[in-house]
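Below, each value reflects all heavy atoms present in this structure, side chains not excepted, and no hydrogens, waters or symmetry copies. Quick caveat: nothing in here was measured; it's all calculated off a predicted structure. Positions are given from 1 along the sequence.
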Amino acid sequence: MKKLLSLFAVLMLFTASLLAQDCLNDIHYTIVNQNAPGKAKTQFDKRCMPGNEGSAKVWLMKANVYVRYYLYEQDLKAKDPKYKIKNPDIILEVVEAFAKAIQMDKNVEPMRGLFGAMEGQRECARDVEILGDKYFDEENYDKALEIYEIALRCYRIQTEKKPINEADIFRINYNLYIIYKIKQDLENYKTYLIRAYNYKENKAPAVYRDMYSYYLSENDTAKCGDVIKKAKRMIADTLPAYYDIQLLELNYLYLTKEDSTLKANALQMLQSHAVDKENEAKFIELMEYLSTVDADKELGEFVDQYLEKYPNSAAFITYKADLYQKEAANIDLEREEIRTSNRSNDEKIKLQQELIAKKEAVLLQAHDWYQKAYDLNKEDIHTVRQLYKLKMMSGLPVDDELKERFNALLRGN
């Protein structure tokens with residue numbers, strides 16, 4: 001009895017195999033000879049797949065039928081933008097079917113004119129990536145992550161027709177690091193940032209900026225310097241993005257206390273841009289670095305040059321006031337030097353009085369420029385704070401509005 005049952009089971013499997021093969025032959029004719037992907041998909045879903053989920057050949061045929069159907073719909077959409085694609089994510093089913101086929105039988109062979117399991121996955125890589133881009137643009141980051149990982153797996157498959165292209169791998173790693181940055185997933189962010197950075201042909205300024213910030217957070221100044229060297233090799237100095245790399249270099253020079261080079265580079269960058277309102281934000285950035293080195297004379301000349309053309313620039317007016325404030329602080333240092341010097345008391349008193357009078361005049365200049373900046377922009381915190389302090393220090397009247405704005409700063413409002 002057991003023998004009969006065993007023979008019956010073998011016979012049933014053989015019969016099922018024959019039926020599946022007949023079905024596959026029919027589908028092959030429909031998809032290859034008739035070029036009817038819609039008809040082939042309907043036939044396959046009804047006749048071939050049910051009951052044959054354990055067949056690698058059936059899964060391989062599913063992948064081929066579905067990819068033909070996917071391309072067919074893409075073609076319809078290209079011809080008629082109003083055409084609504086029935087299953088936008090079908091390319092994922094294609095890749096899954098190819099993968100299942102090879103998992104079940106690594107030697108599974110395609111029928112004539114169809115993709116093999118590995119070849120098919122590699123061919124789908126770009127379309128999977130495009131689907132990931134769609135979800136990325138829709139800010140569905142979890143779905144985009146899932147799809148980009150699939151695309152990455154497909155791009156890593158090497159076939160005779162399509163060797164691995166590192167530019168494709170970089171593109172996916174770049175998108176993954178951006179998403180993990182948005183999601184504030186620090187561990188994965190670092191992983192994919194480093195992978196994107198390590199691509200030898202990387203020309204993406206954002207990667208260098210973020211890699212620099214990462215090494216900065218690790219207090220690895222040497223690696224920060226390496227990032228800048230690579231960035232300057234890879235990004236042409238004629239591109240607008242090169243300015244961002246130059247800013248990173250200024251930061252590096254500031255950290256490593258290379259003041260003379262910092263000053264020379266920042267001044268060169270300052271002078272390389274036209275004195276134009278649209279460059280004002282860049283000028284402020286550069287001036288912040290120049291304020292850390294001995295460049296007050298050059299800064300004063302540039303500020304005056306800019307204000308001559310744009311006399312109502314609140315930012316530059318504030319900066320001019322800051323320069324007077326800094327001059328006053330330098331006078332205090334000079335006074336301290338005189339106090340501790342070997343000069344006679346009479347000479348010390350005379351010089352101190354001169355410096356006190358000079359400082360008062362300088363602070364009055366600072367006050368007037370802060371007042372002008374405040375009149376143009378009463379929301380600027382720095383201007384409010386400095387103007388209030390100078391008025392109080394000099395015994396000048398403080399109107400109720402300024403007093404309230406300053407008190408609001410103290411309250412943290």
Side-chain angles (χ1 to χ4, degrees), residues 1-76 85-129 131-132 143 146-147 149-162:
M1 186 67 178
K2 283 185 179 179
K3 258 187 163 184
L4 286 172
L5 286 173
S6 178
L7 286 170
F8 180 73
V10 170
L11 182 62
M12 290 297 291
L13 285 171
F14 181 70
T15 304
S17 177
L18 286 176
L19 289 172
Q21 189 58 52
D22 286 344
C23 183
L24 293 181
N25 289 337
D26 290 343
I27 296 299
H28 181 263
Y29 181 83
T30 304
I31 198 76
V32 174
N33 295 74
Q34 294 184 337
N35 191 25
K39 178 182 176 183
K41 182 178 181 301
T42 300
Q43 288 178 342
F44 179 86
D45 289 342
K46 287 182 178 180
R47 294 175 47 209
C48 294
M49 196 75 222
N52 293 302
E53 290 82 358
S55 169
K57 286 186 176 181
V58 170
W59 280 104
L60 187 56
M61 181 59 78
K62 175 179 179 176
N64 275 284
V65 169
Y66 276 41
V67 77
R68 292 289 187 98
Y69 184 74
Y70 166 79
L71 294 172
Y72 163 72
E73 281 209 297
Q74 292 297 314
D75 186 53
L76 289 177
I85 292 177
K86 296 178 179 61
N87 183 358
D89 292 4
I90 196 173
I91 195 67
L92 300 180
E93 295 185 65
V94 172
V95 174
E96 180 188 22
F98 277 129
K100 279 194 175 183
I102 202 75
Q103 287 166 10
M104 290 178 179
D105 180 1
K106 64 180 181 180
N107 297 314
V108 63
E109 291 290 334
M111 297 179 74
R112 177 183 55 83
L114 301 181
F115 289 124
M118 299 301 286
E119 177 192 12
Q121 290 178 76
R122 182 65 179 84
E123 289 290 335
C124 289
R126 179 58 183 153
D127 292 287
V128 174
E129 181 187 358
L131 182 62
K143 188 67 175 178
E146 174 192 332
I147 295 171
E149 289 287 2
I150 295 170
L152 193 57
R153 189 189 77 213
C154 293
Y155 275 128
R156 284 179 173 149
I157 295 172
Q158 182 163 330
T159 66
E160 188 176 335
K161 291 182 180 178
K162 288 196 173 183

Donor-acceptor pairs under 3.5 angstrom involving side-chain atoms of residues 90-118: please list them, not counting sequence neighbours.
residue, atom, partner, partner atom, Å
Glu93, OE2, Asn87, ND2, 2.8
Asp105, OD1, Asn107, N, 2.9

Ile27 side, atom CD1; Gln43 side, atom CD - distance, nearest 0.5 Å: 4.5 Å
With no hydrogens and no angle check, is any side-chain donor or acceptor of Arg122 less than 3.5 Å from a backbone partner on Thr159? no
Mind checking whether Ile31 and Pro37 have side chains closer than 4.5 Å, heavy atoms only? yes
Please enumerate all residues that pass salt bridge (charged side-chain N to carboxylate O under 4.0 Å, His left out) together with Glu146, with sequence neighbours excluded. Lys143
Hey, what do you get for CG (Leu131) to OH (Tyr70), rounding to the nearest 0.5 Å? 7.5 Å
Which value, rounded to the nearest 0.5 Å, describes the distance between Lys57 atom NZ and Cys48 atom SG? 13.0 Å
So, do Glu160 and Glu119 sit near enough that their side-chain heavy atoms are less than 4.5 Å apart? no
Can you spot which of Arg126, Lys162, Glu129 makes a side chain to side chain donor-acceptor pair (under 3.5 Å) with Tyr155? Glu129
For Phe44, does the six-membered ring have the charged nitrogen or CZ of Lys41 within the cation-pi criterion, i.e. under 6.0 angstrom from the centroid and within 45° of the normal? no
Search all heavy atoms of Gly132 against all heavy atoms of Ile147 and return the closest pair with its distance. N-CG2, 3.5 Å
Can any side-chain N or O of Asp75 pair as donor or acceptor with the backbone N or O of Leu71 at less than 3.5 Å? no
Looking at side-chain heavy atoms only, is the closest gap between Glu73 and Tyr69 below 4.5 Å? yes
Kindly compute the distance separating CZ (Arg47) from CG (Asn52), expressed to the nearest 0.5 Å. 11.0 Å
Who passes salt bridge (charged side-chain N to carboxylate O under 4.0 Å, His left out) against Lys39, sequence neighbours left out? none
Output, in order, the C-alpha distance, side-chain angles, deciding distance and verdict of salt bridge (charged side-chain N to carboxylate O under 4.0 Å, His left out) for Asp45 and Lys62. CA-CA 8 Å; Asp45 289 342; Lys62 175 179 179 176; 6.0 Å; no
